Enquirer: 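The structure follows.
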Amino acid sequence: MYPQAIEQYLAKHGYDKINLKAVLFDMDGVLFNSMPNHASSWHKVMERMGFGLSEQEAYMHEGRTGADTINIISRRERGHDATDEEIKAIYAAKSEEFNKCPPAERMPGAWEVLQKIKADGLTRMVVTGSGQVSLLDRLNKNFPGIFQKELMVTAFDIKYGKPNPDPYLMALEKAGLQPNEAIVIENAPLGVQAGVAAGIFTIAVNTGPLPDQVLWDAGANLLFPSMPAFNEEWETLRRATTE
Ligand code: CA
């Protein structure tokens, strides 16, 4: 399965091999089990505003910036973009709703695989559309010794969020890497699209309610059913991408 997926990637991009130096992790739905809270918060707030957005649809928008999500729904339901004031108000209400939820736990398997990746001497990066100010504190508390501030890409760094490749291109730039020197770990279709568009071998981990096919259709090079499954397969994957 891996050799075939890797061969296809190499042929498409004209590389001889994946020369793995860094693993680029999305955050929500990959490192933290935070997506159920995000999806229910979006649903509640949008309904209150008179917009239709099911929890299932919220998962399809996962990875977008808040403003992009709000405008897509506004255009669909009213035929025009939301005003800046509306975007601010809706996003603030969504954040308030989200903050009422119990704090999301670490995704099972995430800590285990990150320790292996660190022990293998590979760089760990976080690439997220999230703009929470306390992000780094939270990462350091839950994943001590794993991530560094200089090697993170957040909503503050980028103009065009996922599914644009920019967040992942910026990650490569920050770490001084070529696309074939990294792999991306993503759980959402738009995140997978962003990794693929940046020319990086992109692994989907399906931790949510969407069918696998949505992630394959987004262009995933490989798919695992869960983070523990990714952790189980790490050694095989590492050998296939570093030797
Ligand atoms: Ca995600």
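The analysis underlying the following values was restricted to heavy atoms, covering all of them including side chains, and did not include hydrogens, waters or symmetry mates. Since the model is a prediction, treat every value here as computed from it, not as a measurement. Along the sequence shown, residues carry numbers from 1. For ligands, and for the atoms within them, numbers begin at 1 and follow the listed sequence.
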Enquirer: May I ask you to check if any N/O/S atom from Asn187 comes under 3.0 Å of the Ca ion (ligand 1)?
Expert: yes
Enquirer: Rounded to the nearest 0.5 Å, how far does CG of Leu53 lie from CE of Met60?
Expert: 12.0 Å
Enquirer: Is the distance between the Ca ion (ligand 1) and the nearest N/O/S atom of Glu186 smaller than 3.0 Å?
Expert: no
Enquirer: Before you tell me yes or no, could you show the steps for Glu55 and Lys44 under salt bridge (Lys or Arg N to Asp or Glu O under 4.0 Å), namely the whole-Å CA-CA distance, both residues' side-chain angles and the distance that decides it to 0.1 Å?
Expert: CA-CA 9 Å; Glu55 292 194 20; Lys44 273 185 203 160; over 6 Å; no
Enquirer: If only atom types and distance count, is the side chain of Asp68 paired as donor or acceptor with the main-chain N or O of Arg64 below 3.5 Å?
Expert: no
Enquirer: Measure from NZ or CZ of Arg138 to the centre of the six-membered ring of Phe32, then state whether that distance is under 6.0 Å and the direction lies within 45° of the axis.
Expert: yes
Enquirer: Closest to the Ca ion (ligand 1), which N/O/S atom of Glu62 is it?
Expert: OE2
Enquirer: Could you tell me which N, O or S atom of Asp26 is nearest to the Ca ion (ligand 1)?
Expert: OD2
Enquirer: Considering only N, O or S atoms, which atom of Asp28 is nearest to the Ca ion (ligand 1)?
Expert: O
Enquirer: Set out, in order, the CA-CA distance, both residues' side-chain angles and the distance that settles side-chain contact (heavy atoms from CB on, under 4.5 Å) for Phe201 and Thr241, then state yes or no.
Expert: CA-CA 10 Å; Phe201 189 85; Thr241 52; 5.6 Å; no
